[in-house]
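The structure appears below as structure tokens.
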Amino acid sequence: MSSSANEAAARASAVSEMGRTIPTDAEVPHPEGVRWGMVVDLDRCTGCQACVVACQAENNIALNEEQRVLERRAKTWIRIERYWEGEFPNAKARFIPVLCQHCGNAPCETVCPVWATYHNNEGLNVQVYNRCIGTRFCANGCPYSVRYFNFWNPEWPEPMNNQLNPDVTVRTKGIIEKCTFCVQRINRVQVTAKTEGREIRSGEVQPACAQSCPTSALVFCDINDPESAPAQLAEAEAGRSYTLLEHFGTDPGIIYLKKVDPHAEIHEDEHAHAGAHA
Amino acid sequence: MQEPVVADTKTSNRELLDFVFAWPAWFFAVGGALNGLLVAAFVVVILMLMFGLQFLGYSHPVYWGFLIVNFVFWIGVSHAGIMVSAILRLTQAEWRRPVTRAAEVLTIFSLLTAVQFPLIHSGRPWRTMYWTFPYDWNRGAWPNPRSPLVWDPSAIFTYLTSTILFVYVALLPDLALARDRAPNPVSRAIYGVLAMGFRGTTRQWRIQTVAGLLLSAIILPIFVSVHSIVSWDFAVTSVPGWHNTIFAPYFVIGAVHSGVSAVVTVMIVMRYAFGLKRFITRDHIDSLARLLIVVATVWLFFFLLDFFFGLYGTEPAEVDTWQRRLVEPPWVVIAITFIICAYIIPVPMWMFRAIRRNFFWMFVTTILVNVGMWLERYMVVVPALERKSGLTFTYGDYAPSLSEFILVAASFALVILGFLTFSKLLPIMPAADIKEGQILADRIRVGRANVPAAMRE
């Protein structure tokens, strides 16, 4: 490490010691270090929505009653988008799980006036609920529409309030919330690894969605670690890997592997049009 | 155009200050009705504070709507004051004199109304200081200078401060006049303090004139910056349909279009409400209408440029947005209404001298312009969010709720009430300025020649 990089790192740690969490140039972007990400293999996704339910339970997301869904105010940090391909009766459903892409170059971060959302030094796009003032500018700026606004204080009927996760804040009215990559689980693993005096093992961190995926379509990993299995998978399958809405230049932390299509040659033009190419 | 002499000094003083010291019955009736609307809006805001923003029509993914549209609209109207006042003062257009104060006061109250909207529209309005004031409080985080929402307050408050100064400097001689003519000692004392010892000495007049001219010149760049920055609220995001380099000049010229139209509307109302038939004449609205023809046409050019740039990129999401704006059902009605109201009806009508000099038709056409311009902002802001990116699964609709209609109506009530209160307490017509114009227009006989009574340096 050169001396200027040392100075920069020292300055960054000084800033964090003072309790300041403003990202400095030394912290972002993070060319070496950890960058949490995910590999989503669409060939394995069956659209079963287990990830959606797991996320709902893990992260204290308010209940999505029918009325909330109808008025489009339901909160789903991860959602299965369903697209139809072809005409009935030869129609096929295509599923794509969409969650916060934890963009390296996030449109939501630049527009927040109060740093309620910023990039941390592990590649996470962090939402600080206490800072959020609810301008909803980030939700407008996000091309993936994965940011959700709390229109009211959430309520859980008895006895559901007893299953709230104590590691996760219950969000109040008037603020934005979104996928955190289960940052509470990441923290727990990091603390455990530190107390045991070792590095975090590959695959040790499991967000709720990845943990619950029956087909292992969602795999969480450090995408900067070339040794990790998912990173190797993405490398091996480079021919079908892509990132979502690549042309926005957001540098997402989630790599999608497109569906293996037995009739690929027939649909090739459509895929090229949809931007779902390598 | 040189202003003809319409009244001697005594008549001017009496008629221009008439409304300040009178209490007509309609003032209480109109004020009461407007206050009623404000109370309704107050109830809505309290409900929003207590129970969150569930009463508004927002849903995923359309998180901005009527309130932001209304914010942009009132910022736009506020551009009238400076457009009419500062530019006409710097170019020494003589006919500006009765128009300026009303335009500036309209600026102040529309700005004050506009700033309410982003605040009540945020999820936690009680934390407003965290982003409007550049200080880190106890959070350990300064406001984010990359966010246009941090640029907005500085631009708007600079504009508001300079406009208030501008009005106050021009108001000083009239405050002195009100002090000298006040019917009771209390109001005499108040006007006396406000007039800051203005006695009309040569030195005071010189300082007042120079300050007015300097403020006119300083305020012009601010005037251009304010709506540019408001347009960047949209243009710096990556939302297709918002992300557009043309937005800053397009918004500024749109603001001038709606602002000058609003000034014409207000002047016609003032002419009848305050009995100013002698001072607000057909020549004035004729001049403003000719200005409006140019402004409206430039605005239309920018609108077409915006449309052209949208299609020229052939970016599917952007084309989707334009299709949403101009072709799909609820929006096609709004698109047609707005283009008809803001251009197709008024501008050809203004081509005719008879219409330009007709108070009724000018009133109708300028109201139409502002209806059209409100819808134009609606069309800029909302459809882009409804069709935000290529992920068609998240496409959503927006339908305003009753609360939003109440808040928008209350914003009009607030501006009108502010304007009415100002004209009740302070001279809404720049009496000193008008009298100066009359002296400049006066002619005397020297021997056989008929020469101007005063020369301009």
Side-chain angles (χ1 to χ4, degrees), chain A residues 15 18-22 71-76 79-83 96 98 107-118 128 130-153 172-176 244-245 247-250 273-275, chain B residues 48-64 68 118 121-128 130-132 136 139-153 233-234 236-240 242 315-317 381 384-385 388-397:
Chain A
V15 166
M18 285 160 65
R20 308 277 161 134
T21 37
I22 306 163
E71 60 191 17
R72 302 184 64 91
R73 286 175 175 180
K75 287 189 275 287
T76 47
R79 62 170 182 262
I80 304 290
E81 296 197 354
R82 186 188 57 206
Y83 293 102
I96 173 166
V98 177
C108 55
E109 289 168 13
T110 52
V111 296
C112 177
V114 290
W115 296 108
T117 181
Y118 73 98
V128 185
N130 274 340
R131 283 183 191 163
C132 183
I133 51 162
T135 63
R136 311 190 285 298
F137 205 168
C138 54
N140 288 342
C142 176
Y144 310 100
S145 300
V146 290
R147 293 178 154 269
Y148 295 87
F149 183 68
N150 282 279
F151 286 94
W152 47 76
N153 281 326
T172 174
K173 67 175 189 279
I175 63 174
I176 286 277
L244 206 53
L245 302 179
H247 57 289
F248 274 98
T250 50
H273 180 71
Chain B
M48 278 161 62
L49 285 174
M50 289 173 68
F51 302 109
L53 301 189
Q54 50 184 305
F55 310 104
L56 305 182
Y58 303 135
S59 63
H60 193 77
V62 185
Y63 281 120
W64 281 6
I68 290 295
H121 156 278
S122 73
R124 303 208 237 181
W126 52 92
R127 297 187 166 205
T128 296
Y130 289 164
W131 59 285
T132 55
D136 72 344
R139 304 175 312 141
W142 290 73
N144 178 2
R146 298 178 299 175
S147 168
L149 285 186
V150 171
W151 313 339
D152 270 344
D233 284 352
F234 309 104
V236 302
T237 64
S238 57
V239 177
W242 281 7
E315 157 75 34
V381 173
L385 293 176
K388 204 159 60 176
S389 63
L391 298 176
T392 52
F393 189 81
T394 56
Y395 281 11
D397 297 330

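The model shown is predicted, which means the values in this text are computed figures rather than measured ones.
- With hydrogens and angles disregarded, no donor-acceptor distance shorter than 3.5 Å links the side chain of A:N150 to the backbone of B:G52.
- The part of B:L385 that comes within reach of chain A is its side chain, from C-beta onward, which places non-hydrogen atoms under 4.5 angstrom from that chain.
- Every residue was checked against the salt bridge (Lys or Arg N to Asp or Glu O under 4.0 Å) condition with B:R127, not counting sequence neighbours, and none meets it.
- With hydrogens and angles ignored, the 3.5 Å screen pairs a side-chain donor or acceptor of B:Y63 with a backbone N or O of A:F149.
- Neither the backbone nor the side chain of A:I176 comes within less than 4.5 Å of any heavy atom in chain B.
- Of all heavy-atom pairs spanning B:T394 and A:R72, the tightest one is O-NH2, 3.4 Å.
- Heavy atoms of A:T172 lying under 4.5 Å from chain B belong exclusively to its side chain.
- Using a 4.5 Å cut-off between heavy atoms, B:W151 does not touch chain A at all.
- Under the rule for a ring-ring contact (aromatic ring centres under 6.0 Å, His included), the partners of A:F137 that lie at least two apart in sequence or sit in another chain are B:W64.
- Between chain B and the options A:V98, A:N140, A:V114, heavy-atom pairs under 4.5 Å are most frequent for A:N140.
- Proximity to chain B (any heavy atom under 4.5 Å) is shown, for A:N153, by neither the backbone nor the side chain.
- Counting heavy-atom pairs closer than 4.5 Å to chain B, the top residue among A:C132, A:A74, A:P107, A:C108 is A:C132.
- Within the 4.5 angstrom heavy-atom criterion, only side-chain atoms of A:I175, from C-beta onward, approach chain B.
- Proximity to chain A (any heavy atom under 4.5 Å) is shown, for B:Y130, by both the backbone and the side chain.
- Nearest heavy atoms, A:F248 versus B:S238: CE2-O, 3.1 Å.
- Using a 4.5 Å heavy-atom cutoff, the side chains of A:L244 and B:L391 are in contact.
- The backbone N or O of B:H121 lies less than 3.5 Å from a partner atom in the side chain of A:R136, making a donor-acceptor pair.
- The two residues B:V239 and A:G141 make their nearest non-hydrogen contact at CG2-CA, 4.3 Å.
- Using a 4.5 Å cut-off between heavy atoms, B:P118 does not touch chain A at all.
- In this structure a side-chain-to-backbone donor-acceptor pair under 3.5 Å is missing from A:R73 to B:S59.
- Between the side chain of A:Y83 and the main chain of B:F393, a donor-acceptor pair closer than 3.5 Å is present.
- With hydrogens and angles disregarded, no donor-acceptor distance shorter than 3.5 Å links the side chain of B:R124 to the backbone of A:R131.
- For the options B:W126, B:Y58, B:F55, heavy-atom pairs under 4.5 Å to chain A are most numerous at B:Y58.
- Of all heavy-atom pairs spanning B:W131 and A:P113, the tightest one is CB-CB, 3.7 Å.
- Looking at A:E71, only its backbone comes within 4.5 Å of chain B, counting heavy atoms on both sides.
- Taking chain A as the reference chain and counting heavy-atom pairs below 4.5 Å, the highest number among B:V150, B:L149, B:T237, B:V236 is found for B:L149.
- Contacts between A:R79 and chain B at a heavy-atom distance below 4.5 Å involve the side chain alone, from C-beta outward.
- Options A:V128, A:T135, A:I96 differ in how many heavy-atom pairs under 4.5 Å they form with chain B, and the most are formed by A:T135.
- For the options B:D233, B:T128, B:T132, heavy-atom pairs under 4.5 Å to chain A are most numerous at B:D233.
- Here the closest heavy-atom approach between residue A:S145 and residue B:H60 is recorded as O-NE2, 2.8 Å.
- Put simply, the side chain of B:R146 does not reach to within 4.5 Å of the side chain of A:C112, judged on heavy atoms.
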